[in-house]
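The structure under discussion appears below in the form of structure tokens.
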Number of protein chains: 2
Amino acid sequence: MAFYKGQETYSVDSKGRVNIPAKMRRALSPEALNTFVLTRGSDRCVAAYPLDEWRRYELEYAKLNQYDEQSRFFLRTVLAWSEEVELDAQQRIIVPRKYLDFAGIDGKVVIVGMIDHIELWQPEEFDVYLGKFESSYEQVASQVMQRPNGQ
Amino acid sequence: MAFYKGQETYSVDSKGRVNIPAKMRRALSPEALNTFVLTRGSDRCVAAYPLDEWRRYELEYAKLNQYDEQSRFFLRTVLAWSEEVELDAQQRIIVPRKYLDFAGIDGKVVIVGMIDHIELWQPEEFDVYLGKFESSYEQVASQVMQRPNGQ
DNA sequence: GAAAATTGTGGGTGAAAGTGGGGAATGTTT
DNA sequence: AAACATTCCCCACTTTCACCCACAATTTTC
């Protein structure tokens with residue numbers, strides 16, 4: 001299974017094209033058909049799921065109860081913001097304006113690997129986000145992870 | 001299971017290449033595919049996990065709920081500072097500039113074995129760190145270790 | 001103790017990665 | 001129908017990196 005990690009700063013040109021870092025590209029499985037699904041990320045960023053990983057989420061979404069108000073709202077938000085984009089010959093994706101606007105991205109973008117997807121952040125926004133909890137990182141870590149290897 | 005120990009001083013060339021000490025290399029299992037995962041260490045150093053050891057952490061990370069705010073923050077913090085590097089024909093890894101900068105490494109590096117991973121330190125920084133507890137080493141040891149062999 | 005193998009260090013080079021732009025084809029607006 | 005924007009398919013340039021070779025120093029082998 002793919003596992004995305006790492007952080008790179010890349011440029012966004014006037015056409016909204018964003019290069020996918022080589023190391024992350026190598027983690028892309030053939031089943032993804034060189035296609036990503038863009039969607040709104042949690043927090044102020046754009047999430048890009050390889051097509052094969054996205055399919056797993058589709059299965060989960062299909063299970064939700066459409067008669068539940070909250071589920072309906074969640075589904076509409078996610079799906080209205082989901083769109084497939086394909087890599088061009090230079091291994092770039094075109095990120096439509098509305099996604100860039102949502103994340104406040106312009107000119108430069110930070111690309112972060114996040115396990116089963118990658119995230120696009122406005123550089124300063126990402127720094128602020130990381131710094132927000134910086135002091136309490138160890139605290140959060142110990143809460144989230146208890147003894148990683150079951151030792 | 002691999003168990004890294006020892007301390008060696010090596011050089012970092014202009015391309016950021018760092019040789020892995022032969023003794024530690026021999027502790028590297030074939031499953032690691034000659035690959036390390038670099039991360040920010042605890043304290044001011046760079047940690048390098050053999051790929052097979054790192055995979056155990058990945059499994060834990062993948063279990064976390066990305067819809068939980070705290071977990072998300074933890075994952076982004078960890079993963080933004082994680083990157084795979086492969087040994088070249090001369091058994092060296094390339095350590096990206098940002099990791100060298102984080103640890104203040106330039107020209108020379110101290111490589112320390114640390115059980116399941118190795119650590120890269122700026123030489124003076126490591127001396128200072130050891131010195132910090134030097135006087136009370138026996139005291140700290142007695143606190144950390146109670147009856148090592150289960151006696 | 002000499003020969004051979006391994007280890008640690010440095011550098012050059014061609015391929016790949018990252019970046020940018022022109023101009024058809026398409027579609028939407030005035 | 002003209003004007004404009006958007007998308008797609010080329011091409012081109014610069015920088016970076018993966019891969020190769022080289023060699024001194026150290027360790028191992030016979």
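In this structure, A:Gln91 places its CD atom 18 Å from P of C:dA15, rounding to the nearest Å. In this structure, CD of B:Glu86 is placed 7 Å from P of D:dC19, rounded to the nearest angstrom. As rounded to whole Å, 11 Å separates atom C1' of C:dG8 from atom CD1 of B:Ile111. Between the C1' atom of D:dC19 and the CD1 atom of B:Ile93 lies a distance of 17 Å, rounded to the nearest Å. Rounded to a whole Å, the CG atom of A:Asp88 is 12 Å from the C1' atom of C:dT19. A:Ile94 has its CD1 atom 13 Å from the C1' atom of D:dC10, to the nearest Å.
Two residues are said to be in side-chain contact when any heavy atoms from C-beta on lie closer than 4.5 Å; A:Asp13 and A:Arg92 meet this criterion.
Residues passing the side-chain contact (heavy atoms from CB on, under 4.5 Å) test with B:Arg97 are B:Leu100, B:Asp101, sequence neighbours excluded. Under the salt bridge (charged side-chain N to carboxylate O under 4.0 Å, His left out) criterion, A:Asp127 pairs with no residue, sequence neighbours left out. A search for side-chain contact (heavy atoms from CB on, under 4.5 Å) contacts involving A:Arg72 returns A:Glu69, A:Arg76, not counting sequence neighbours. With sequence neighbours excluded, the residues that form a salt bridge (charged side-chain N to carboxylate O under 4.0 Å, His left out) with B:Arg55 are B:Glu58. Qualifying salt bridge (charged side-chain N to carboxylate O under 4.0 Å, His left out) partners for A:Glu84, counting only residues two or more places apart in sequence or in other chains: none. Qualifying salt bridge (charged side-chain N to carboxylate O under 4.0 Å, His left out) partners for A:Glu124, counting only residues two or more places apart in sequence or in other chains: none.
Taking OH of A:Tyr57 as the start and OG of A:Ser82 as the end, the distance is 12.0 Å to the nearest 0.5 Å. Remark: B:Glu119 CD to B:Phe126 CZ distance equals 7.5 Å, nearest 0.5 Å.
More than 12 heavy atoms of other residues, nucleotides or ligands sit less than 6.0 Å from atom NZ of B:Lys98. The number of heavy atoms from other shown groups lying within 6.0 Å of CG (B:Asp106) does not exceed 12.
Within residues 95-106 of chain B, no residue places a heavy atom under 4.0 Å from DNA chain C. Residues from residues 4-23 of chain B lying near DNA chain D, meaning a heavy-atom separation below 4.0 Å, are B:Lys15, B:Arg17 in numerical order.
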N/O to N/O distances under 3.5 Å, protein versus nucleotides 22-30 of chain D:
{"unit_1": "D:dA22", "atom_1": "N6", "unit_2": "B:Gln90", "atom_2": "NE2", "d": "3.4"}

Which atom pairs, one a donor and one an acceptor, fall under 3.5 Å between side chains of residues 31-40 of chain A and the rest of the protein, sequence neighbours left out?
{"unit_1": "A:Glu31", "atom_1": "OE1", "unit_2": "A:Ser29", "atom_2": "OG", "d": "3.2"}
{"unit_1": "A:Thr35", "atom_1": "OG1", "unit_2": "A:Leu33", "atom_2": "O", "d": "2.8"}
{"unit_1": "A:Thr39", "atom_1": "OG1", "unit_2": "A:Trp81", "atom_2": "O", "d": "3.4"}

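When the local axes at the two ends of the helix from C:dG1-D:dC30 to C:dT30-D:dA1 are compared, using 5 base pairs at each end, they differ in direction by 30° after rounding to 10°.
Hydrophobic cluster membership for B:Leu59: none, as no Ile, Leu, Val, Met, Phe, Trp or Tyr side chain comes under 4.5 Å of it.
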